[in-house]
Amino acid sequence: MYILGIETSCDETAAAVVLDGRTIVSNIVASQIDLHARYGGVFPELASRAHVEAIGAVVEQAVQDAGIPFDRLDAIAVTRGPGLVGSLLVGVNYAKGLALATGKPLLGINHLEGHVYSLWLTEPYREPQFPVLVLIVSGGHTELLLMTGHGQYQRLGGTVDDAAGEAFDKVGRLLGLPFPGGPHIERAAQLGNPIAYKFPRAKRDDSYDFSFSGLKTAVMREVTVPQSGSEPRQRSPEKTPKLRTDISVNDVAAAFQDALVSILVEKTARAAKAYQVTEILMAGGVSANQALRQRMRAEAGLPVRCPPLHLCTDNAAMIAAAGFFRYEAGLRDGLDLDVTAMWPLTGDAYAR
Ligand code: KG4
Ligand code: ZN
């Protein structure tokens with residue numbers, strides 16, 4: 001079964017063809033990072049315009065790279081949400097147009113479920129044994145899910161403020177590192193001393209929720225020049241970071257990353273034990289982080305599965321993989337499919 005996946009929920013225009021939900025046949029990602037870098041974050045209007053410009057060529061390329069005629073495709077899976085509405089609309093409308101023109105079935109996919117199914121694209125392929133615990137850590141999300149079967153999720157917790165990737169990006173910006181901050185902080189951290197600074201760690205409660213804004217604020221207090229008394233305190237801290245000259249960027253990066261990883265590992269390991277899962281699956285941009293992978297493997301006491309690095313960040317192969325299992329469950333969406341900006345992944349994703 002060949003599924004064409006389309007993803008435009010944030011700042012990547014992506015299309016891919018995946019065979020039977022497990023084998024990538026083609027995978028095209030047009031990143032807009034350069035476009036947004038000067039704003040230090042994704043600029044929604046620019047993102048949708050760039051998606052409009054790129055989508056036709058990206059989809060064409062994905063089908064061409066797959067080396068099969070368009071007719072051989074069995075269905076079109078597209079990210080329907082959560083994400084930026086203007087960006088989502090570009091992908092959904094394009095997919096609807098294709099479905100209308102070709103009569104192919106249409107499948108609307110939850111972007112978070114896409115990240116989950118990036119784990120089905122690991123090689124060599126090995127079917128996870130349910131129940132598994134899934135930690136999705138990306139620029140927009142931090143979600144801890146119990147997965148009991150295909151499309152079956154129980155949301156155990158998530159961030160109550162910033163997403164893990166967002167914290168990386170904000171601290172990266174404070175430290176004067178390029179956008180997105182995650183990979184740059186990881187690189188700086190490799191050269192730094194994690195105990196040179198002491199930043200706050202786990203949200204010490206019984207929940208499986210995470211909080212990163214206290215950590216971000218602690219880093220900000222440590223590394224920026226204090227504002228004078230006459231400065232308005234309510235001014236957004238992200239807009240006026242003046243870096244102290246006597247700090248070590250590498251040490252701050254190492255200490256920040258260490259604290260953030262501790263927060264993630266502590267609760268994930270506790271949930272894995274409480275729900276007696278067979279395996280921990282990590283997905284999303286931050287799951288590319290080697291320190292997180294190593295600490296999770298060392299401390300959770302269970303196998304930890306991560307996607308290949310190029311599938312951690314947004315891509316359409318994961319959307320096509322999720323689409324395959326949705327298709328297998330007998331689901332189809334109509335041409336009235338609409339985007340859903342806020343869409344938590346919990347319960348039965350295949351419920352009609
Ligand atoms: O999954 P993704 O492409 O976007 C969302 O769906 O939100 O993740 C992007 C996020 C960014 O915040 C980026 O800084 C972070 O993933 N990231 C990393 C690393 N690579 C990407 N964070 C930490 N370490 C990395 N190596
Ligand atoms: Zn994502």
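Since we're looking at a predicted model, the values are computed, not measured. We count ligands from 1, going down the list as the structure has it; atoms in each ligand are counted the same way. All values below come from the heavy atoms of this structure, side chains included, with hydrogens, waters and symmetry mates left out.
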Smallest separation among heavy atoms of Ala66 and Val25, with atom names = O-CG1, 3.6 Å

Is there a heavy atom of His141 sitting under 4.0 angstrom from any atom of ligand 1?
-> no

Main-chain N/O of Gly158 paired to Asp209 side chain as donor or acceptor, under 3.5 Å = yes

Within less than 4.0 angstrom of ligand 1, does His115 place any heavy atom?
-> yes

Should Leu4 and Leu335 be counted in the same cluster of Ile, Leu, Val, Met, Phe, Trp and Tyr side chains packed under 4.5 Å apart?
-> yes

How far is atom 6 (O) of ligand 1 from its nearest protein heavy atom, and which residue and atom name does that atom have?
-> Asp314 OD1, 3.0 Å

N/O of Phe168 under 3.5 Å from N/O of ligand 1, yes or no?
-> no

Starting from the Zn ion (ligand 2), look over the N/O/S atoms of Asp314 and name the nearest one.
-> OD1

Just need the protein heavy atom nearest to atom 9 (C) of ligand 1, so name the residue and atom and give the distance.
-> Gly139 N, 3.7 Å

Among Ser287, Cys306, Ser118, which one satisfies side-chain contact (heavy atoms from CB on, under 4.5 Å) with Cys312?
-> Ser287

With side chains defined as the heavy atoms from C-beta onward, is the minimum distance between Phe212 and Asp161 less than 4.5 Å?
-> yes

Which residue owns the protein heavy atom closest to atom 24 (N) of ligand 1, what's the atom, and how far is it?
-> Asn289 ND2, 3.0 Å

Structural part of Asp169 in contact with ligand 1, heavy atom criterion under 4.0 angstrom | side chain

Determine, stepwise, if the pair Leu107 / Ile319 fulfils side-chain contact (heavy atoms from CB on, under 4.5 Å).
-> CA-CA 10 Å; Leu107 304 155; Ile319 303 302; over 6 Å; no

Per-atom contacts of ligand 1 with Thr313, taking only distances under 4.0 Å to non-hydrogen atoms | 1 (O), 3 (O)

Can the ring centroids of Phe256 and Phe168 be said to lie less than 6.0 angstrom from one another?
-> yes

Treating Ile, Leu, Val, Met, Phe, Trp and Tyr as nodes and any side-chain heavy-atom pair under 4.5 angstrom as an edge, say whether Ile68 and Ile76 lie in one connected cluster.
-> yes

N/O to N/O below 3.5 Å, does that happen between Pro180 and ligand 1?
-> no

Atom 21 (C) of ligand 1: the protein heavy-atom neighbour that sits closest, reported with distance to 0.1 Å | Gly285 O, 3.4 Å

Atom 22 (N) of ligand 1: which protein heavy atom is closest, and how many Å away?
-> Gly182 CA, 3.3 Å

Please determine if the Zn ion (ligand 2) has an N/O/S atom from His115 lying under 2.8 Å away.
-> yes

Cys10 to ligand 1, any heavy atom closer than 4.0 Å = no

Look only at interatomic distance and state if Gly284 has a nitrogen or oxygen under 3.5 Å from any nitrogen or oxygen of ligand 1.
-> no

Hey, is the main chain of Phe210 close enough, under 3.5 Å, to the side chain of Lys267 for a donor-acceptor pair?
-> no

In terms of atom number and element, which parts of ligand 1 are under 4.0 angstrom from non-hydrogen atoms of His111?
-> 6 (O)

Would you say the side-chain atoms of Arg155 pair up with the backbone N or O of Gly347, donor to acceptor, closer than 3.5 Å?
-> no

Is the distance from the Zn ion (ligand 2) to some N, O or S atom of His111 under 2.8 Å?
-> yes

Any idea which atoms of ligand 1 are less than 4.0 Å away from a heavy-atom of Cys312?
-> 1 (O)

Are Glu266 and Arg270 close enough for a salt bridge, meaning some N to O gap below 4.0 Å?
-> yes

What protein heavy atom is closest to atom 26 (N) of ligand 1, reported as residue, atom name and distance in Å?
-> Glu186 OE1, 2.7 Å

Would Leu175 end up clustered with Leu191 when hydrophobic side chains under 4.5 Å apart are linked, directly or stepwise?
-> no

Which atoms of ligand 1 have any heavy atom of Gly165 under 4.0 Å away?
-> 12 (O)

